[in-house]
Every structure is written in structure tokens, then in C-alpha cells.
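Contents: one structure, followed by commentary.
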Amino acid sequence: MSVFRTPAAIFGSATAASRAEAELAADHPHLLKNYNRAPITIARGEGCELVDENGVRYLDFVAGIAVCALGHAHPDITRAIATQAGTLVQASNLFYHEPSGTLANELAERSGFERVFFCNSGTEANEAAIKLARKHAFRRGEARRTILSCEGSFHGRTLGALAATATRAYQEGFEPLPGGFAYTPFNDIAALETALDETVAAFIVEPVQGESGVKPATQEFLAAARRLCDERGALLVFDEIQCGMGRLGTLFAFESYGVRPDVVTMAKALANGLPIGAVLIDAAAASVLQPGDHGTTFGGSPVPCAAALEHLHVRDRLGLDAHVKRVASRLLGHLQALAERYPGEVAQPRGRGLMLGLPVRAPYVTKTFVDTAREHERLLINGAGDNTLRLVPPLIVSEAEVDDAMERLERTVRLVARR
Ligand code: PLP
């Protein structure tokens, strides 16, 4: 028998749960306190809405942090998961199975990249890319080992990906971090010219930085990175974990920039909510990792692969890229108008596609807007770095839902401003 009791069971009738009780619900006695959870309990999801245990519906512009591209409980994804779960859940990587092979084919065909490595998360995808870059240099008999990344970047929480995450707050207290990492300012071509020297095995960059507050790379910066990597013999790695899988209005973020990297890391939205990561590797580095060099027990297991495969098919059927471009420009327009109407509270938005950030002006802080939006307007948004509200709704969000969300956000801003 499960010893876990729902907050409703602990505190009595869910409808009678007071705010204090709800806050306690977020402070579970046995879950590690490494997250700041909001004081609500999510019971289920439906399209662009999440529903709490009291039946309260929230318009979800977080989407599992840029994960649920097709929204919650999409029937085709649910069916694909159920069918695969009833067929084969795990076979190990000692054996080939069709879901991973078919998904690799689809990703290779759509990207033009040659090989795909599957893992379970974004940080693992970046770890694999880091190892690949070092082995690539090693196999060529080169001494270069440095992984260069950008200030403000976020590449994950495992030690290698954390060492590439050039944001002090994430690293502090976890030293010593692995050596061989260097950092360069984001969108600064002159600095990159100097930093990307012959010691660099790979330059890893997010086309749109997410955690630092939704900051797009300039096309010129990524094009310069491509040129410099070619000239100096380093691999160019795009971390598309947050900005890929259609979020910018193209399946891959690199397509939206017209700059082709050597390696792409993916995760988050790939399986629309099931844990999966992937590394796409271009021909030049496709044979670097050999049997025994790298691996994972669960990576590429059948159920997430089946979900990812279905995701690709559903997005084709929906013509999602054109839809994203349309609703994204509507959302951006609303945010620009909001910034004009409330210049004391928020600044002009940043971002690309359906990955948008609305900077909050000091002395206001994002938490006030996030909490007010949730409590008063049933709108879910979250705060990213640089005091910025991040809006990453499901990519299936309708124009009516965008309008609705922006009305709720405007009332939120008005409420915060009045206090
Ligand atoms: N890279 C980027 C750009 C991310 O946004 C994230 C997560 O937010 C990661 C890597 C790490 O992914 P995961 O949390 O799946 O390990």
C-alpha cells in the first residue's frame, strides 16, 4: 500500500484547503527541497490547460518548460505511448529495436545529419556532445580539448554540462568542476575571434538562450561561429534543447538562422513530455564514438521514441511551423503593446517564435507577476534570468488562447502596478 497521502488527504477536503494548506502542499515532507514549487497540486492536463486537484483550470504558458509542444494529453501521443507500452518498453542497447531506428531515420532525414545518439535528458545530450568533441580531437591526434561556451548560457546540471554553463549561480559550491572549459561573451564576434583558438575542441551555443532570460543569438554571431569553427578546426554545437523542435517556427533552430552546426543537442519537446535526449551528428564526426565509448541504459528506449515519432507526424499533419509563425507574431504584438502601455512595469519583449521573454522593470521582480498571474488570473508563466517573464506556450496554442492569455497578463500587470 502506498504511504503517500495527497495534500487533500492530509488537509481534509480539497475544496476547504486554505492558502496556507496549499503552500504546505508544495512543501512535501519527503521530496527533496531543491525546487521552489508553486502552492498548487496539478492533477491533469488538457490541451493548453492544466487542471489542479480542485478542478481549477490554468492556461499554461509554461508547457512543462518548453516541453509539451502539442499540449497536454494529446490523444495521438497518448495512443502511441499506450500502444508501445503494451508492446515493448525496454530491450537495452544490446539489441536493435524499431522505434529508435525509425526515429533516428526521421531525424536524420529531416536534419540532413548522419547519426543520432539517444539519451534521456538535455544535460545528457550535452555531456555526450562534449565527450564527442574531445574524442573527435583525440582521434585526429590533436591536443585541443577545450569546450568553449557563452556567458549566460545554460547547458544542464551534470558536472560536464554545468562546467559549460557559464553562469556562476549554477556552479557555485559544486567546485571543483571538470577542467578544460572556457567562456566568451554572447553575441560578441570580436571576443569570439580571440576565444575560439586552436585549443578549442568545440564551441557550444544556444541559438536562443533560455534560462538567462530569452536572449536570441544574432544571425551574424552564429554565422561568425560557423566560419571560425571551420577556420580553426573546432566543432560547432548548437544546444537546441529549449529552442528546437519547432519552437522558432522551424523544426530545428538552425534552420531558422540559416547556419548549420556540426552537432545538435535536443531534449525537452522531442517526445512531448517523456524523457528523451538526442544528439544529431554530422558526417565529419559521425564515426568518432565507437562501441564502448559512450552509452546509457535507457537512452533511446521504445516508449519515448514512439512518442517522439508520433510527435513528428502530428506536427506534419498540423502544419505546425506555419501555425507557430502566425501565433508567435500575434503574441509578440500583444507583448509589444503591453510594454508600451505599462512602461514603468515591463520593457519591450525579446525572443523568437514562441520563445518570448518580457523583461520586468526594477524594483518589480518576476515572482510578483508569476504569483499574481497564477493566483488571480489562472495564467501560468515563469521567470527566467535577468528579471524576465518567459512565455513558452504549447506550440498548438490558438490565436484565441493567445488573446486570452494576454488579457490575463494585462490584468496581472495592472494589479501589480496598483499595489
Ligand atoms: N540546455 C538548455 C538550453 C536547457 O534549457 C536545458 C534545460 O532547461 C538543458 C540544456 C538541460 O536539460 P535537462 O533539464 O533536460 O537536463
Side-chain angles (χ1 to χ4, degrees), residues 32 34-36 62-69 117-133 147-167 169-171 174 181 183 186-187 202-217 222 225 236-248 252-254 256-257 261 263-280 296 298-301 304 307-308 311 350-357 381-386 388 390-392:
L32 193 68
N34 59 325
Y35 300 109
N36 278 319
V62 174
I65 315 187
V67 167
C68 303
F117 168 74
F118 289 119
C119 50
N120 312 286
S121 65
T123 199
E124 280 178 72
N126 286 334
E127 289 289 337
I130 290 165
K131 287 179 72 177
L132 173 88
I147 307 298
L148 183 68
S149 59
C150 285
E151 289 170 7
S153 63
F154 184 85
H155 297 296
R157 307 273 194 168
T158 51
L159 285 174
L162 185 63
T165 293
T167 306
Y170 293 113
Q171 296 182 342
F174 295 111
F181 289 80
Y183 312 120
F186 190 51
N187 278 337
F203 174 51
I204 181 168
V205 59
E206 295 159 82
V208 181
Q209 288 190 342
E211 300 308 301
S212 73
V214 193
K215 296 178 181 167
L222 296 184
L236 179 60
V237 181
F238 279 5
D239 177 340
E240 297 200 4
I241 286 160
Q242 190 165 148
C243 65
M245 268 316 274
R247 192 148 286 280
L248 305 191
F252 301 102
F254 73 78
S256 122
Y257 275 93
V263 176
V264 176
T265 56
M266 309 175 71
K268 283 197 181 277
L270 182 53
N272 203 55
L274 264 62
I276 190 170
V279 186
L280 313 186
T296 150
F298 291 120
S301 66
H311 182 178
R350 281 193 299 261
R352 277 168 92 105
L354 278 178
M355 185 168 175
L356 295 172
I381 48 177
N382 88 327
D386 255 5
T388 301
R390 172 169 45 187
L391 296 106
V392 283

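Each ligand, and each atom within it, is numbered from 1 in the order the structure gives.
In the vicinity of Glu206, heavy-atom distances shorter than 4.0 Å reach the ligand 1 atoms 3 (C). Close contacts of ligand 1 with Thr123, meaning ligand atoms under 4.0 Å from a residue heavy atom, involve 11 (C), 12 (O), 13 (P), 16 (O).
Among all heavy-atom pairs drawn from Arg352 and Pro216, the shortest one is CD-CB, 4.0 Å. When all heavy atoms are compared, the tightest approach of Cys150 to Ala166 is O-CB, 3.3 Å. Taking every heavy atom of both residues into account, Ala66 and Arg247 meet most closely at CB-NE, 3.7 Å.
For the atom pair Glu240 CD and Met245 CE, the distance stands at 10.5 Å (nearest 0.5 Å). In this structure, CG on Asp239 lies 4.0 Å from CD1 on Ile241, to the nearest 0.5 angstrom.
Ranking the protein heavy atoms by distance from atom 12 (O) of ligand 1 puts Gly122 CA, 3.3 Å first. Atom 2 (C) of ligand 1 has as its closest protein heavy atom Phe154 O, 3.3 Å. Looking from atom 5 (O) of ligand 1 to the surrounding protein, the closest heavy atom is Gln242 NE2, 2.7 Å. At the top of the distance list for atom 1 (N) of ligand 1, counting protein heavy atoms only, stands Asp239 OD2, 2.8 Å.
Between Ile241 and ligand 1, no pair of N/O atoms sits closer than 3.5 Å.
Judged purely by atom type and a 3.5 angstrom limit, Thr167 uses its side chain to pair as donor or acceptor with the backbone of Ser153. In terms of modelled atom types and a separation under 3.5 Å, the side chain of Thr123 and the main chain of Ala161 share no donor-acceptor contact.
Counting only heavy atoms, the protein never gets under 4.0 Å from atom 14 (O) of ligand 1.
The closest approach between a heavy atom of Lys268 and any atom of ligand 1 is below 4.0 Å.
With a 4.0 Å cut-off on non-hydrogen atoms, Asn126 touches ligand 1 through its side chain and not its backbone. At a heavy-atom distance under 4.0 Å, only side-chain atoms of Glu211, from C-beta outward, approach ligand 1.
The environment of Tyr170 atom OH is dense: over 12 non-hydrogen atoms of other residues, nucleotides or ligands sit within 6.0 angstrom.
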